[in-house]
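Here's the structure we're looking at; comments come further down.
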Amino acid sequence: MAVCIAVIAKENYPLYIRSIPAEHELKFHYTVHTSLDVVDEKVSAMGKALVDQRELYLGLLYPTEDYKVYGYVTNSKVKFVMVVDSSNTALRDNEIRSMFRKLHNSYTDVMCNPFYNPGDRIHSRAFDNMVTSMMVQVC
Amino acid sequence: MSVPDYMQCAEDHQTLLVVVQPVGIVSEENFFRIYKRISSVSQINVRDSQRVLYIRYRHHYPPENNEWGDFQTHRKVVGLITVTDCFSAKDWPQTFEKFHVQKEIYGSTLYDSRLFVFGLQGEIAEQPRTDVAFYPNYDDCESVEKRIEDFIESLFIVLESKRLDRATDKSGDKIPLLCVPFEKKDFVGLDTDSRHYKKRCQGRMRKHVGDLCLQAGMLQDSLVHYHMSVELLRSVNDFLWLGAALEGLCSASVIYHYPGGTGGKTGARRLQGSSLPTDAGNRHRPGAQEVLIDPGALTTNGINADTSTEIGRAKNCLSPEDIIDKYKEAISYYSKYKNAGVIELEACVKAVRVLAIQKRSMEASEFLQNAVYINLRQLSEEEKIQRYSILSELYELIGFHRKSAFFKRVAAMQCVAPSIAEPGWRACYKLLLETLPGYSLSLDPKDFNKGTHRGWAAVQMRLLHELVYASRRMGNPALSVRHLSFLLQTMLDFLSDQEKKDVTQSLESYTSKCPGTMELLSLPDGLNLPPVPFTKLPIVRRVKLLNLPASLRPQKMKSLLGQNMSTKSPFIYSPIIAHNRGEERSKKIDFQWVQGDVCEVQLMVYNPMPFELRVENMGLLTSGVEFESLPAALSLPAESGLYPVTLVGVPRSTGQITINGYHTTVFGVFSDCLLDSLPGIKTNGSTVEVIPALPRLQISTSLPRSARTLQPASGDEISTNVSVQLYNGETQQLDIKLENIGTEPLEKLEVTSKILTTKEKLYGDFLSWKLEETLSQFPLQPGKTATFTVNIKVKLDFSCQENLLQDLNDDGISISGLPLSSPFRQVVKPRVESKPVNPPESSKAGDFSHVKTLEAILNFKYSGGPGHVDGYYRNLSLGIHVEAEPSVFFTRVSTLPATSTRQCHLLLDVFNSTEHELTISAKNNEELILHAGECQRMAIQVDKFNFESFPESPAERTQFTNPKQLEEERQETRGLEINSKLDIHWNIPSLKRHGEASVEGILNQLVLEHLQLAPLQWDVLVDGQLCDCDVVADCRVGDPIPLEVRLTNWSKRNVGPFALTVIPYQDYQNGVHNYELQDAITFVGSNTFYIDSVRPTENSVCLGALLFLYTGDFYLNIKFHEDTTSKELPLSWFCLPSIHIRAQGPDLQA
């Protein structure tokens, strides 16, 4: 299951990042941070495509020895990055896709909160719970 | 083959490898001077053909890599140039021997070699040798380049011969099997006659020929050979060599497609090195033409742009997309062989460079990703650093800045890995600095001032921590302080409480050795570290320039202001001017500061730290005026709320002063924080005018200071308050000491007073003074003192308790003016007794003892010195608070007619409301003793007043347009007059206090009327002598006495006509009046007088005469005929004195 889930603002700073082995948090910071290169590249390559027909899911950004990094970008250029243990072969593209969709929905809920300022770090219990569920849930 | 060359690029396949090495002891400096000159000859146009030869120089090349020379010929060292120092002929043989030893290392592959000898002169040097060149020294060797060119040409000859040898070798001769070092043992015992084996040999040889063609500048040939090789090798599944053939194909295609080179800088340099830029486009053509067209024809004709050549090229050359596919394929073949790791790695690097040029970053990143995983043997630390740096560079090349930064950081960390004996902190620091852009981190704090934080705080923080640590280990504490300050300033929001503590602790320990400054730190490599002001420690939310305290505030004299205005514009008001002023006001503040006086700026600060923050040396940064800042030190509690801090300073010159910011020292770091760069700051403007110095006045008084402060309505502030308790009517003298505590002489002083609005009615002057005496001591030099005296007089009406007066009026007697049985009726009426008079208002009745307060402000306007010249003055206010206690008051007042019509008795019930015995005395009366709370009646005989004669200026009349006001004013002046006539004083012997008692308040209309002289003045003259009540007119019996009645009309209208009758009578002094006097008195003429109407201010006289027949005391009563008396006129107007005449017998003796 996902070991790290991050929400990244349009300006490429983290709005939310959570990883399961908390002691390696910085490592995931680096992983997610460097994955933005690929996201940028993919987004700019997609830029020419029609906006509404665009696929939000970016697919595998890059594999590392232990993890696979998947990306998803909303129409407002907010990025979701999910790091998955590469030993977990049961996880298919479709599942990743649905997880991202769930994440997106939850993020939308956060944005709908009138007390949330876009651009601030996300401190939402509902969002936390959702992320937690995605991290522990066994597929 | 274990040492990868990360700098390789596809074009390197067409180069000849030449190793340049020093032999013996050659200083590094000299060697590299020569090396530089040698390597400048990197491409050569071979004579007689248009082929171009490219040379790659290395000063170091591992021999084991040389062993792969058959696999890819550009790895083969074909030339050796050795550089040596040799100063004497006897060293020569030894040197030459060394050259041979060096040659041995690469011996198997060398085509040719050269020895450059420096320093040797003499006969040996004069021997002409092809392989050795002698130069006297390193400065005198112009022919080096020429020599190299010759050398390369010789290399070319060998190359060309080898190429031709191999290329034409298509006969049935046995083709030797080329193989890489690790393959050798695999082929032992293999059937060399098999078709398979032959094909393998052929394929490998083709590939080899392709390499040679490429090196020899025959690109098109090489493509053909590579294609053939690929086909051959594919059929025999010789994957390693198939890979090599494919890579060769790719390299040749890349060289064709991208003449500018793929190797970044090296490629660019190579391009510059070529004589003509157009050459770059043309240089590959010769080879191609040689394939398709007869070489002879080519060289003679020199046809370059033949269309057929284009067709041929298109056929053999790979398209850009194919290049990548073939690279992929090649790499996948390489990856089958563990020993070919370096080849694979290099192929990846080459492919990435190609992709970078094609701007296909995603695919490039895949190649790189693959390269990362290629596991070479255990790498040394240095190799690791190199590898990571190269990865970083390649990521940079494809635009993956973050990845690049990541690997650069890894490389930096590798520099100081614990396994390294001597960690390279300098290198680490340098590499870390290079990662900054990748983490979108600049070292300028200004970039972080605006808007939200940019970049990934967690990784940025980590990097900054590493920078701090590296710079500290580098032994540059100033740098680490700067970085740490930057970390604290920009990442404050992201630091946890514990981290904040740790960071500040380490910062403090660093600054104890090297305090943080505001100077720009320059690094050797040209990077500048801008200073980091701590604008967040503490955070300043608001900056407010404070006005001077009210007593020191300068004010502009009005007249001068008017002049200023008039110079600006001829209009009193213009909207344009108003608009301009409004704009100015937005920046400029509408008050002034004074030169030489302490000025204050208030900052609202708060401490974002979870611990107490000590801010030292906090002061103002100003411009425009010489300013002496007086720094403050403060200690802000942990996570304090907004906390006001006042920074002070003294302007030393005049002009416009601008507060630019403030400076602090926090944790040993000096910061200059400019207001302009502070985000979210509120300010009321930062420019204020400083006016020339003014004197300062300090006042001290004889009276005690009051804790209570007055709250004046009009915004004046009171600097000092004094309070005094007085009994009503008492006068107190207030001595005010004026001291000039400033530095300028005090030249001008004006004193005004203002009584604060009070409901109480105040009689007389509350404050009075004489300024002249004080002014005579002026100008007051600094430090000098003058005195000023003010009299405080309290005259309040305490008797005005309406209920009481009402009550008293009700009994009617006192008002009517009728005689009372006893003028000294003693009424003991203690306060308590008065209460039940009107029970519901008992509380009000209790007000007898209530203390009334009076407040006034004494304003001192003063000026002097240069400020006075500029038209400024200062205002100092003294608040005076007086508690007035009732002393005596009159509970009721009434009049009693006196014997004379011109006089009357004023009866006053005096009540002593103090707790002391007091005496009261009027002008002409004896003292009356009143015990505490006692009420007594006192009678005072007063002359009636002629109010009409009081001057009434026409101005006053117009001033009080309201008739009611006019009436009040008149009544007041009357009261004043009466009071001054009465002059009633009280004295408390026990307290030695005395004062006046005023009747003004209690005089009502009725009493006033009684006290007023009637406007009709009646004068009765007996025998030409004016008679009044107490005057006894003497006359003789038998003589007619003339009686004259004169009416003077002082009223404002016509009066009359009147009829008067004179009635004589005798008073027996027992209450019996005898009017039967017909036989004792006769009238000469009528006893009735008629007076016609009299106009104002005129008079009318009636004359009559009396004849007394007997001696005796007679009285004459003059009465009006009732019908003639105008009803509308008050009765008191017709008050004629009764006349006492004493008729005496004739003087018999006479």
Side-chain angles (χ1 to χ4, degrees), chain A residues 4-19 22-48 58-69 71 73 78-79 81 83 86 116-123, chain B residues 355-356 358-375 391-392 394-410 413 435 437-441 447-448 450-463 465-466 490-491 493-494 496 499:
Chain A
C4 174
I5 288 173
V7 180
I8 295 136
K10 182 172 176 247
E11 294 84 6
N12 289 333
Y13 62 90
L15 293 175
Y16 184 92
I17 183 156
R18 183 111 170 270
S19 51
E23 59 270 27
H24 297 314
E25 201 190 319
L26 194 65
K27 182 175 86 179
F28 286 113
H29 271 288
Y30 276 116
T31 309
V32 176
H33 180 247
T34 48
S35 74
L36 288 178
D37 277 328
V38 186
V39 173
D40 277 357
E41 188 60 40
K42 291 205 173 191
V43 168
S44 68
M46 275 194 324
K48 296 132 205 162
L58 298 176
L60 180 66
L61 298 179
Y62 69 91
T64 72
E65 273 166 279
D66 307 323
Y67 304 108
K68 284 179 185 157
V69 184
V73 64
V78 172
K79 291 116 190 162
V81 172
V83 184
S86 54
Y116 173 76
N117 284 328
D120 286 359
R121 285 195 75 101
I122 295 170
H123 296 287
Chain B
L355 282 165
Q358 294 183 349
K359 302 211 184 311
R360 290 158 71 179
S361 308
M362 281 310 298
E363 284 163 292
S365 78
E366 278 164 31
F367 276 103
L368 267 179
Q369 190 76 32
N370 186 42
V372 171
Y373 292 128
I374 295 170
N375 220 343
L391 281 172
S392 159
L394 291 173
Y395 271 117
E396 185 72 48
L397 202 62
I398 61 171
F400 280 24
H401 301 292
R402 297 178 189 87
K403 268 278 195 204
S404 164
F406 178 82
F407 279 107
K408 193 144 266 176
R409 187 187 148 269
V410 172
M413 291 296 103
T435 65
Y439 292 112
S440 51
L441 196 63
D447 297 342
F448 289 87
K450 300 159 208 93
T452 50
H453 185 86
R454 285 168 53 230
W456 202 286
V459 290
Q460 286 175 341
M461 240 152 67
R462 178 83 192 175
L463 177 62
H465 271 298
E466 283 161 357
T490 58
M491 301 290 162
D493 299 344
F494 304 99
S496 69
E499 281 170 327

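Every chain is numbered from 1, with letters handed out A, B, ... down the list of sequences.
- Both the backbone and the side chain of A/T64 have a heavy atom closer than 4.5 Å to some heavy atom of chain B.
- In this structure, B/K403 and A/Y62 have side chains that are in contact, with non-hydrogen atoms separated by less than 4.5 Å.
- Only the side chain of B/Y373 comes within contact range of chain A, with at least one heavy atom under 4.5 Å from a heavy atom of that chain.
- A/P63 approaches B/Q369 most closely through the heavy-atom pair O-NE2, 2.8 Å.
- Put simply, CD on B/E396 and CG on A/D37 are 9.5 Å apart, with the number rounded to the nearest 0.5 Å.
- For an aromatic pair to be called close, the ring centres must be under 6.0 Å apart, and A/H33 with B/F406 fails this.
- Below 30°, between 30° and 60°, or above 60°: for A/H29 and B/W456 the angle between ring planes is above 60°, a perpendicular geometry.
- Atom CZ of B/R409 and atom OH of A/Y30 lie 3.5 Å apart (nearest 0.5 Å).
- Residue A/E25: no heavy atom, backbone or side chain, is found under 4.5 Å from chain B.
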ask   = For A/D40 and B/R402, what are the C-alpha separation, side-chain angles and deciding distance, and is it a side-chain contact (heavy atoms from CB on, under 4.5 Å)?
value = CA-CA 11 Å; A/D40 277 357; B/R402 297 178 189 87; 3.2 Å; yes

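- No part of B/S365 comes within reach of chain A, as not one of its non-hydrogen atoms sits under 4.5 angstrom from that chain.
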